[in-house]
Amino acid sequence: MSDPSIALRTAVIVEDDPDIRHLLVEVLEAAGFSTVSVGNGIDGVRAVVSYQPLITTLDVNMPGIDGFEAARRIRAQSDTYIIMLTGLEDEADVVLGLGAGADEYIVKPFRPRELRARIDALLRRPRTQQTAPAPRQDSVGPSFPGARPIAQRPYEPQAPAPYPYPYEGMPGMPQMPSGPAMPFPGYAGEQPGHPGPAAAPTGPGTPLEPIIMAAQSASQAAAEPTADPNAGTDLVPADQSPRELVGAQVLSHRDLQLDPDTRIVMVAGDTLDLTRTEFDLLATLMESKRRVRSKADLTLVLRGESYVTSYFVGEADKRAIEAHMTNLRRKLGDNPTNPRYIETVRGVGYRLTSELVTGA
């Protein structure tokens with residue numbers, strides 16, 4: 001008889017790129033899963049409902065419905081572990097994917113051993129069985145054993161207790177004087193059992209002492225020094241900050257500057273806010289200057305790996321490079337049809353434009 005746990009070791013792969021599908025099949029089968037592969041989101045939802053897999057991998061950009069909508073539909077019908085594998089790395093995409101029901105969000109290009117480790121980490125946290133919701137307390141009585149419900153009594157207004165004297169009852173301290181009870185702090189008006197606020201004494205023995213503000217003489221005003229409105233304002237204006245990067249390590253191309261040490265990029269004196277991937281791509285191209293860098297080469301640079309044939313670079317990885325380059329060009333204000341900084345070598349990759357600026 002077969003082990004019943006083997007039926008649970010099923011994985012559904014939802015990926016439209018055949019190369020990535022083949023790689024995921026190898027990784028998951030090496031981990032002991034039987035795999036079911038589909039190429040779009042609608043078939044992926046049907047496969048999850050049919051096979052009830054333990055692990056489901058989801059791409060985002062697919063024909064039909066995207067990975068976010070597929071994750072919502074899958075999560076409504078299954079508690080499978082959902083791992084999103086996509087080239088979208090923006091924070092908004094990550095939040096949207098996890099909010100749609102994904103348990104992991106991995107950005108392409110991914111490392112197979114890292115994917116295997118993340119799957120093992122998910123399996124170490126098994127799903128808890130959902131229990132029936134606890135009944136409401138008012139339908140089953142008191143929560144504690146032996147507790148008895150207290151009979152409700154009609155509300156009877158009572159006079160508030162007098163405000164306690166601070167030193168009352170302490171030996172050697174003055175006691176509260178006899179007489180009417182003291183009102184609460186901030187007490188206003190009269191209530192039963194409490195007098196209103198005491199009026200200020202106006203008898204002949206207690207004359208009022210008005211507060212007299214002495215007028216300042218002209219001589220005193222002239223003697224006092226006046227505050228200098230310009231004192232303490234010796235600040236450096238913001239526009240005097242450095243408008244260019246300086247140093248032997250700074251890479252320059254036209255009015256574009258990049259400092260690898262401080263990871264600062266400036267265009268025409270303005271600082272750019274780049275992601276880690278965009279900065280690494282731009283630094284690689286500026287170091288290579290006019291030498292063409294292929295998409296596969298840039299993929300391995302982002303992975304931190306050498307360019308050898310043993311590493312797998314698929315079409316999905318190359319499309320991810322294209323997406324990063326599009327975002328980088330948008331931030332640089334570069335037009336792909338008439339590039340100023342980065343030009344595309346069709347069918348090969350990317351390189352910097354010529355240093356010579358064409359006349360208008």
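Atoms considered below: every heavy atom in the structure, side chains included; atoms not considered: hydrogens, waters and symmetry mates.
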Would you say [Y] and [X] are linked by a side-chain donor-acceptor pair, where the criterion is simply a distance under 3.5 Å?
X	Y	value
R254	S354	no
H253	T353	yes
D259	T262	yes
Q52	T80	no

Short side-chain to backbone donor-acceptor contact, [X] and [Y], under 3.5 Å:
X	Y	result
R118	R113	no
R329	L332	no
E26	H22	no

Reference residue L258; test side chain to side chain contact (heavy atoms under 4.5 Å, CB included); the match among L251, V267, L285, V250: L251
Can you confirm whether [X] sits close enough to [Y] that some side-chain heavy atom of one is under 4.5 Å from a side-chain heavy atom of the other?
X	Y	value
L85	Y105	no
R340	N335	no
D255	Y341	yes
P336	T344	no
F110	L24	yes
D59	D16	yes
N40	V14	no
E278	K331	yes

With rounding to the nearest 0.5 Å, note down the distance linking [atom1] in [X] to [atom2] in [Y].
X	Y	atom1	atom2	result
L328	I342	CG	CD1	4.5 Å
E69	I42	CD	CD1	10.0 Å
I119	R124	CD1	CZ	12.0 Å
K289	R291	NZ	CZ	12.0 Å
L58	T86	CG	OG1	10.0 Å
Y81	E104	OH	CD	11.5 Å

Closest contact, heavy atoms only, [X] versus [Y]:
X	Y	value
S288	R293	OG-NH1, 2.6 Å
A47	V12	CB-CG1, 4.0 Å
M266	G269	CE-O, 3.0 Å
M62	D66	CE-C, 4.2 Å
L23	P112	CD1-CG, 4.3 Å
I82	G101	CD1-O, 3.9 Å

When you look at E89 and T277, which way does the side-chain contact (heavy atoms from CB on, under 4.5 Å) test go after all the steps? CA-CA 9 Å; E89 64 175 358; T277 301; 3.3 Å; yes
Check [Y] with [X], please: is the shortest side-chain N to carboxylate O separation under 4.0 Å?
X	Y	answer
R21	E15	no
R276	D280	yes
R290	E343	yes
K318	D19	no
E322	R319	no

hydrophobic_cluster_shared for [Y] and [X], side chain cutoff 4.5 Å:
X	Y	result
V95	V60	no
Y350	V292	no
L123	I13	yes

Decide salt bridge (charged side-chain N to carboxylate O under 4.0 Å, His left out) for D17 and K108; before the verdict, give the C-alpha distance in whole Å, the side-chain angles of both, and the deciding distance to 0.1 Å. CA-CA 12 Å; D17 186 274; K108 297 176 182 176; over 6 Å; no
What's the verdict on side-chain contact (heavy atoms from CB on, under 4.5 Å) for V48 and Q77, showing C-alpha distance, side-chain angles and the deciding distance? CA-CA 9 Å; V48 170; Q77 305 177 68; over 6 Å; no
T56 and I83: CA distance, side-chain angles, deciding distance, side-chain contact (heavy atoms from CB on, under 4.5 Å) verdict: CA-CA 6 Å; T56 300; I83 302 177; over 6 Å; no
Answer yes or no: are there more than 12 heavy-atom neighbours, outside E91 itself, under 6.0 Å from its atom CD? no
side-chain contact (heavy atoms from CB on, under 4.5 Å) assessment of L115 paired with I106: CA-CA 8 Å; L115 174 62; I106 302 177; 3.7 Å; yes
